[in-house]
Amino acid sequence: MKQAIDREYYLEKGFELYGIMIPSDKYAQGIDIMYTSGHKHSKSDNQPAAYFFANIKGEVLRHGETQDLSGRFRYGYRTKVNTTNDRIREYVKTVENIWVYVYRTPIVTEKVLGYKCETSYAKGLEKNLLHEFEEIMGRLPILNPMKK
């Protein structure tokens, strides 16, 4: 029998609850994020991370990555208009709340051609999470219409 990839699978890997996306009239785009008490959401939280969305049953709805965790959730999903954000907001407004789980990735600093360069593992982690999910589940999460 195939192993199911759900919220518990990722919690065992070290992901943690970051907040819940809910419908709201507070912002023009119609959603807000209730952050968990363990997360003091601030500008200092501008670090890279891989994340996934789940519903109340723990089913994985989306994988993503960001180089700026704070900005992605403070501004991106709440206010920025684009195809991905619009699809996710519509889901929250018409289907159900979304639980957001994150895994913060380190910033790696190296000298390249004499310049200080910074990068992270977030994009590579997201790519591997999506590949694993598709391989085991036979499909992508419903809010990931394609792999990058």
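Taking the six-membered ring for Trp, His63 and Tyr101 have ring centres at least 6.0 Å apart. For Tyr51 and Phe73, the ring centers are positioned less than 6.0 Å apart. Residues Tyr77 and Phe53 place their aromatic rings such that the two centres sit under 6.0 Å apart.
Placement of Tyr35 and Tyr27 in two distinct hydrophobic clusters is found when ILVMFWY residues are connected by side-chain heavy-atom separations under 4.5 Å, directly or transitively.
Taking CG of Asn46 as the start and CD of Gln67 as the end, the distance is 11.0 Å to the nearest 0.5 Å. Summarising the geometry, atom CZ belonging to Phe52 is positioned 13.5 Å from atom CG belonging to Leu143; distances are rounded to the nearest 0.5 Å. Atoms CD and OG, on Gln47 and Ser70 in that order, are 10.0 Å from each other to the nearest 0.5 Å. Here Ile98 contributes atom CD1 and Arg62 contributes atom CZ; the two are 9.5 Å apart, rounded to the nearest 0.5 Å. One finds the CG atom of Leu61 at 5.0 Å from the CD1 atom of Ile142 (value rounded to the nearest 0.5 Å). Taken from CD in Glu134 to CZ in Arg139, the straight-line distance is 10.5 Å, to the nearest 0.5 Å.
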Show, in sequence, the C-alpha distance, side-chain angles and deciding distance for Arg72 and Asn85, and conclude whether the side chain to side chain donor-acceptor pair (under 3.5 Å) test is met. CA-CA 10 Å; Arg72 184 69 178 120; Asn85 292 351; 3.2 Å; yes
After noting the C-alpha distance and the side-chain angles of Val81 and Arg89, does the key distance pass the side-chain contact (heavy atoms from CB on, under 4.5 Å) rule? CA-CA 10 Å; Val81 176; Arg89 284 191 289 263; 4.2 Å; yes
Given side-chain contact (heavy atoms from CB on, under 4.5 Å), test Ile107 with Thr119 step by step and report yes or no. CA-CA 6 Å; Ile107 297 172; Thr119 190; over 6 Å; no
Could you check Ile20 against Val100 for side-chain contact (heavy atoms from CB on, under 4.5 Å), going step by step and ending with a plain yes or no? CA-CA 6 Å; Ile20 304 170; Val100 179; over 6 Å; no
Determine, step by step, whether Asn55 and Trp99 satisfy the side-chain contact (heavy atoms from CB on, under 4.5 Å) criterion, reporting the C-alpha distance in whole Å, the side-chain angles of both residues, the deciding distance to 0.1 Å, and the verdict. CA-CA 6 Å; Asn55 62 17; Trp99 277 250; 5.5 Å; no
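Of all heavy-atom pairs spanning Gly19 and Ile33, the tightest one is CA-CG2, 4.4 Å. Considering all non-hydrogen atoms of both residues, Ala49 and Thr105 come closest at N-OG1, 3.8 Å. Here the closest heavy-atom approach between residue Thr66 and residue Ala122 is recorded as O-CB, 3.9 Å. Nearest heavy atom pair, residue Lys57 against residue Arg7, reads C-NH2, 3.6 Å.
At a threshold of 4.5 Å between non-hydrogen side-chain atoms, the residues Glu96 and Tyr91 count as touching. Val60 is listed as a side-chain neighbour of Pro141, based on a closest heavy-atom distance under 4.5 Å. Between Ser120 and Leu125 the shortest side-chain heavy-atom distance does not fall below 4.5 Å. Between Ile22 and Ile31, the closest side-chain pair of non-hydrogen atoms is not below 4.5 Å. At least one side-chain heavy atom of Arg104 sits less than 4.5 Å from a side-chain heavy atom of Tyr18. You'll find the side chain of Ile88 reaches within 4.5 Å of the side chain of Met21, heavy atoms only. A 4.5 Å side-chain heavy-atom check between Phe133 and Asn144 finds every atom pair outside the cut-off. Taking the side chain as every heavy atom from C-beta outward, Thr109 and Lys116 approach each other to under 4.5 Å.
Ring geometry for Phe15 against Tyr103 counts as tilted: the plane angle lies between 30° and 60°, on a 0 to 90° scale.
No more than 12 heavy-atom neighbours from other residues, nucleotides or ligands sit within 6.0 angstrom of CG on Asp25. In the displayed structure, Glu110 atom CD is contacted under 6.0 Å by at most 12 heavy atoms of other residues, nucleotides or ligands.
Side-chain atoms of Tyr121 and Glu126 include no donor-acceptor pair closer than 3.5 Å.
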